[in-house]
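Below: the structure, in structure tokens.
Quick note: residue numbers are just sequence positions, from 1. Values below: every heavy atom of this structure, side chains too, minus hydrogens, waters and symmetry copies.
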Amino acid sequence: MSSPSLDSTDSKHLLLNRNLHIIFAITLMAVLGVSSITPAFPRITQALNISPQSIGLLITVFTLPGIFLTPVLGVFADRYGRKKILIPSMFLFGIAGGLCAFTRSFETLLIMRFFQGIGAASLGAINLTLIGDLFPGKQRTIAMGYNSSVLSVGTASYPAIGGAVAAIAWYYPFLLAFLAIPIGLWVLLGLNNPEPRNNQSLGQYLKYALKSMNKKNVYVYFTANLVTFIILYGIFLTYIPIFLHEHFQSSTVVIGLVMSSTSVVTAITASQLGRLVRRFSEIDLLRVSYLLYSLGLLLIPFIHSLYIFIIPVVIFGIGHGLNIPVVQSLLAGEAPLEHRAAFMSLNGMVLRLGQTLGPIIMAGIFLLLGLDWIFFAGCMLAVLFVIFLFIFTKKNKGLISLLSLLTFEK
């Protein structure tokens, strides 16, 4: 497959690709497990009589299996094929996640979330692996941008849907997980992807896979994802609902709509990535994303009106729309086909680590310093990482490029 030009016609043709549609569906399931239930957190704490500090466990036990299983499943996907890992994972995700709606015990709920997390462990890595397998060069970056837009549509719609159904009963959002079952059947019957041919012994495979990952850029991109998901899961998804409830007495519906608006902005931004990569380097886009994270988080404690809350929401959403597809594309470009699933799955392990550590770290800050300091801590983390990127990545056009991007200078 030859590398395409970056005109609008190519982008439109890319959107007609059936395999990409299936990848979009997998992506929608990969983000369902958290974004659909977070608006219900205030109601869950009340219904099950648990503390706000404990509610983050619903995220932690879901993401924890991925830390250990994602790289293992990536190895299996490289050696035995993407579908043989992906399809059972979809079914387990759907069944265990849907059964969460039928428990009224927090302990049992945590157990079911753990099994759902086992099913989710491979989804976010294999969908990106498939994009890397199917699309080359700049076309891959554009496909990642579209996929990130779809992801953001999911994270936009799921909180709104979850918040609305949680207003009826706190456990209704968990029923959405059953959607993974028909999507698993679609993957089985419709996905046409190249499968790696790996005749190496396991020892040789692991040796060469690890060698392909042993690069400075790869370590930088892994660290970027760790920081991003500590911020996203530790701050935005866990404590924005608590902040809105405590400061504005917001209902689950309002919380869902506020969080959805962030994802709408993210989707719009990611959909424009094809234009942005023609003008700016991917590293510069990444630097800007963390500056926008820091600004959005810094503003939140100073907001005293629900209507003005849209300002940090928009800023954070733009940053996230730049961040995710750029890092994913950079990583996929570093990985050869025969090792790509292991490569992206190790990245998935890093993501899960960030998702797991984020709520724990921020719960500690909440206990020691209070809710506002969670947002200040996230701001400082993002600023420190911008400095890290300037030190450990190519300077490209440096500060001038960065300022021109922030001011949309031509």
Side-chain angles (χ1 to χ4, degrees), residues 31 34-35 38-39 41-42 52 56 59 148-149 151-153 155-160 163 224 227-270 272 285-324 326 354 358-359 361-363 365-366 369-386 402 405-408:
V31 298
V34 174
S35 60
T38 51
F41 277 6
I59 295 177
S148 185
S149 294
L151 182 150
S152 298
V153 168
T155 56
S157 58
Y158 291 147
V227 170
T228 295
F229 280 81
I230 287 175
I231 290 173
L232 180 63
Y233 279 70
I235 301 174
F236 189 81
L237 291 175
T238 301
Y239 286 101
I240 288 291
I242 302 298
F243 183 89
L244 291 170
H245 180 71
E246 289 191 1
H247 283 70
F248 307 117
Q249 292 73 52
S250 300
S251 67
T252 58
V253 174
V254 171
I255 292 170
L257 289 173
V258 170
M259 298 181 73
S260 294
S261 62
T262 305
S263 297
V264 169
V265 175
T266 297
I268 293 170
T269 303
Q272 300 305 306
L285 292 172
L286 191 61
R287 292 166 181 157
V288 168
S289 73
Y290 288 102
L291 287 177
L292 292 171
Y293 280 160
S294 65
L295 179 58
L297 293 171
L298 179 63
L299 291 176
I300 288 174
F302 301 102
I303 302 297
H304 301 293
S305 167
L306 184 60
Y307 298 104
I308 301 177
F309 203 83
I310 192 65
I311 295 174
V313 160
V314 168
I315 293 171
F316 190 95
I318 294 173
H320 204 55
L322 295 174
N323 185 292
I324 297 297
V326 166
I361 293 169
M362 297 307 162
I365 293 173
F366 179 65
L369 300 173
L371 184 58
D372 288 354
W373 275 97
I374 290 174
F375 305 106
F376 294 142
C379 172
M380 290 186 283
L381 178 60
V383 169
L384 288 173
F385 196 70
V386 173
L402 196 60
L405 179 53
L406 284 170
T407 56
F408 299 97

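Here the closest non-hydrogen pair linking L297 and C379 is CD1-N, 3.8 Å. Nearest heavy atom pair, residue G296 against residue P312, reads O-CB, 3.3 Å. For the residue pair L371 and H247, the shortest heavy atom distance occurs at CD2-CE1, 4.0 Å. Across F236 and P241, no two heavy atoms sit closer than the pair O-CD, 3.7 Å. In terms of heavy atoms, F248 sits closest to H304 at CE2-C, 3.6 Å. The two residues S250 and H245 make their nearest non-hydrogen contact at O-ND1, 3.5 Å.
Looking only at distances, a side-chain donor or acceptor of T266 sits under 3.5 Å from a matching main-chain atom of G317. A donor-acceptor contact shorter than 3.5 Å is absent between the side chain of T38 and the backbone of T238. Checked by atom type and distance alone, the side chain of Y290 pairs as donor or acceptor with a backbone atom of A224 at under 3.5 Å.
Between F376 and L298, some side-chain heavy-atom pair lies under the 4.5 Å cut-off. Residues L322 and L286 fail the side-chain proximity criterion, which asks for heavy atoms closer than 4.5 Å. Counting heavy atoms from C-beta outward, I240 and F309 have side chains that approach closer than 4.5 Å. Two residues are said to be in side-chain contact when any heavy atoms from C-beta on lie closer than 4.5 Å; T228 and Y293 meet this criterion. You'll find the side chain of V265 stays beyond 4.5 Å of the side chain of H320, heavy atoms only. When side chains are defined from C-beta on, V313 counts as touching I310, because their heavy atoms get closer than 4.5 Å. Put simply, the side chain of V326 does not reach to within 4.5 Å of the side chain of S289, judged on heavy atoms. For the pair I59 and F41, the minimum side-chain heavy-atom distance is below 4.5 Å.
For the atom pair CD1 (I300) and CG (L244), the distance works out to 8.5 Å, reported to the nearest 0.5 Å. Taken to the nearest 0.5 Å, the CG atom of L237 stands 9.5 Å off from the CZ atom of F229. Expressed to the nearest 0.5 Å, how far CG of L384 lies from OG of S294 amounts to 10.0 Å. I231 CD1 to L381 CG: the interatomic distance, rounded to the nearest 0.5 Å, is 4.5 Å.
Taking the six-membered ring for Trp, F375 and F243 have ring centres closer than 6.0 Å.
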